[in-house]
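Let me begin by presenting the structure, written as structure tokens, before commenting on it.
The structure presented is a predicted model; accordingly, all values stated were derived computationally and were not measured.
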Amino acid sequence: MKRACLAFVCAALACGVAGAAEVKIERSKIVQVVVYVDRAEITRQATVQLPAGASSIVLPGLPPSVDADSLRISGKGVPAALGAVELKREAQERKATPEWLAADAEVRRLEGEQNKLGLEEKADQQMAEFLASLAKGTGARSGDRLAEGKPDLEAVKGFFGFVRGQVDDLGKRAERRVERRRDLQEQLDVARAKRDAAQPRGPVESLAAIAEVEARQAGALDLEVTYLVPSAAWRPSYRATLDADKGEVVWSAEAVVRQRTGEDWSGVPLRLSTAAPARGVVPPQLPPILVRPTPPRPKLMMKSEAPRPTAEMARDAAGAGMAAPPPALEAVEMEAPEAEVLHTAYNAAFDAPGKSDVPADGRDHRIALRTDALPARLLYRVAPAASETAFVVAKTSSPAQYPLLPGVVRVFAGAAFVGQYGVAESAPGAEMDAPFGADNRVVVKRTATPRRGSQEGFISKDQQFEYSFRTTIENRRDREITLVVEDQLPRSQDERIVVKVGDKTTPGMRDAKDRPGIVEWELTLGPKQRKEIVLEYSVRFPRDLSVDGLPR
């Protein structure tokens, strides 16, 4: 068994060889879809029966947006050589959609109701004519009997009462028909509008790949065709659920897939790749930065000034032994840097469990990828200068098996939805803080002592302001908690401004990592325990110096 492969190239090649048999693939199926962040790779399979000798295999129904350079084919089965290929654009009339068929059925039903009303109206008209002729004949006969002296007044009265009743009924039926016809017409207008909106517009365009094959003998050939198409993408989405009893975060990764490739992906294995082919594969080359003297700006000539020497004047001066003016420096234009090609070291692929259905409707379709239990250390964070609220944060590490791509995390505490936040790209196993919202069982109260000012030094050269903040935290939970309290300590950017921490400041204060001007304390509170954090500092600077940023 031999295997032949050919990369399809979209070229204006003549299709077919003289006398070659045409073998059309009536049915092919999608067996694999790899979705990138900006496109998708489709793999189709089909089996054809080849005659011995030259054949033209026709694979119809490919999307018109196929990237011709990405097409490749392989086959196994009967020994055969694959040759030239041509991509041919085709157009077929669109098939009626289920929406159009339903709207058309509704239009036909309403039109049928209108026809019934017409038949009913015609029957009533015939009944009215019959009653009129019957009344006329009966009246004539009653007149004859009256002339003969044999009147039957009761019978006449009863007959005409019957006729009047029938005529009244016909009139009421006519009124109801008018209302019914009006309602039917309104419904019919709506139904026809829906049918028009669902009407397939124009023919369906597609591509057919026509490949030349030379088979040594008749037999079956299993083909596999792979191609890239745009209008497909996926993005990650995450779900973080806090299990405080176990001290872990249940981290679920999902893929949100949408596509408008023109073909539905029904019951296919789906692979989600973090690679982006559009980013390219060649690293960028930076252009050099050329530094040259800036040419002197043209000098404005005043009326009293001599004209600026020209090239002719320079030559004349040189010929006369005079010093020619120095040549102007040439202006060198800086090269614009090329667009940067982005790369990431975190490419990975996820095979979605089972088989997936993603129709080509351009809508979001969520696909579960995997769930991991991440051990976590629960921590409360309080920033009383901004909010007297304690927030729960789980300090953990991202899943070690795959990188995190930027995405939205939906946060749950047990079964309750808390909110959502954005997560940045990170390597597998990187440190990660997962916020889980506020906890009102930890009560925070902050009070500030009014600012005190004073003047110091001989003839009051300096002035000083003193600040004091007191934060009380009460743990009303039935378990011990760890808490980080953040606060602001002014950071001087001028040696004349001196910030000094007061003696009453609670010990254990430290600078927050990578956050200048922010200090923090980490403390432990037992059940029903209360603690107090004090921040005291002074700011001293010359009295004639204006200082911005001081708390009021």
Side-chain angles (χ1 to χ4, degrees), residues 24-30 33 35 38-40 42 44 58-68 87-125 172-210 227-235 255-268 270 355-367:
K24 187 173 184 178
I25 299 176
E26 299 294 341
R27 184 180 180 184
S28 65
K29 63 177 181 179
I30 298 176
V33 175
V35 187
D38 56 0
R39 64 196 64 198
I42 313 297
R44 284 183 173 271
V58 180
L59 175 62
L62 299 182
S65 59
V66 166
D67 181 353
L87 288 177
K88 181 180 179 182
R89 192 168 296 274
E90 297 180 333
Q92 297 177 346
E93 292 300 322
R94 294 180 184 269
K95 296 180 180 180
T97 63
E99 293 80 8
W100 185 89
L101 291 173
D104 183 64
E106 179 66 7
V107 168
R108 288 186 281 108
R109 184 187 70 80
L110 294 171
E111 290 175 343
E113 292 291 327
Q114 283 188 333
N115 291 335
K116 289 180 182 179
L117 287 180
L119 294 174
E120 180 184 301
E121 184 177 24
K122 186 175 181 181
D124 284 356
Q125 288 176 351
K172 293 177 181 178
R173 286 162 60 89
E175 291 178 359
R176 288 196 295 269
R177 272 196 304 273
V178 171
E179 295 180 1
R180 177 62 176 157
R181 185 173 282 112
R182 183 171 57 249
D183 292 342
L184 284 175
Q185 188 60 47
E186 292 178 355
Q187 296 179 42
L188 189 58
D189 291 341
V190 174
R192 285 172 176 166
K194 289 183 178 180
R195 185 179 64 178
D196 290 343
Q199 176 71 36
R201 306 293 180 186
V204 177
E205 291 189 353
S206 62
L207 294 178
I210 307 173
Y227 50 89
L228 285 172
V229 287
S231 302
W234 78 282
R235 69 178 189 274
V256 181
V257 185
R258 69 164 57 182
Q259 59 107 347
R260 286 187 180 274
T261 62
E263 54 187 359
D264 294 336
W265 306 337
S266 301
V268 298
L270 203 61
K355 295 184 177 181
S356 305
D357 293 323
V358 182
D361 55 7
R363 299 179 180 177
D364 288 347
H365 299 272
R366 288 186 177 270
I367 298 172

Would you say that Glu263 contacts Ile42 through its side chain, given a criterion of any heavy-atom pair below 4.5 Å between the two side chains?
yes

Partner residues of Ser28 under the side-chain contact (heavy atoms from CB on, under 4.5 Å) criterion, sequence neighbours left out:
Ile25, Arg44, Ala46, Leu59

With sequence neighbours left out, write down each residue that passes side-chain contact (heavy atoms from CB on, under 4.5 Å) with Ala198, or none if nothing qualifies.
Glu99, Trp100

Sequence neighbours excluded, which residues qualify as side-chain contact (heavy atoms from CB on, under 4.5 Å) partners of Arg180?
Glu113, Leu117, Leu184, Gln187

Go through the structure and list residues passing salt bridge (charged side-chain N to carboxylate O under 4.0 Å, His left out) with Asp364, not counting sequence neighbours.
Arg235, Arg258

Check this for me: Arg109, atom CZ, are more than 12 non-hydrogen atoms of other residues, nucleotides or ligands nearer than 6.0 Å?
yes

Between Gln185 and Asp189, a side-chain donor and acceptor under 3.5 Å:
yes

Taking side-chain contact (heavy atoms from CB on, under 4.5 Å) as the definition, give me every residue that meets it alongside Pro64, ordered by chain and number, with sequence neighbours left out.
Arg89

If only atom types and distance count, is the side chain of Asp361 paired as donor or acceptor with the main-chain N or O of Arg363 below 3.5 Å?
yes

Sorted by chain and number, sequence neighbours left out, salt bridge (charged side-chain N to carboxylate O under 4.0 Å, His left out) with Arg366 holds for Glu254

Student check: side-chain heavy atoms of Trp265 and Val35 closer than 4.5 Å:
yes

Without swapping roles, check the side chain of Asp67 against the backbone of Val229 for a donor-acceptor pair under 3.5 Å.
no

Less than 4.5 Å apart, side chain to side chain, heavy atoms only: is that true for Arg181 and Glu121?
yes

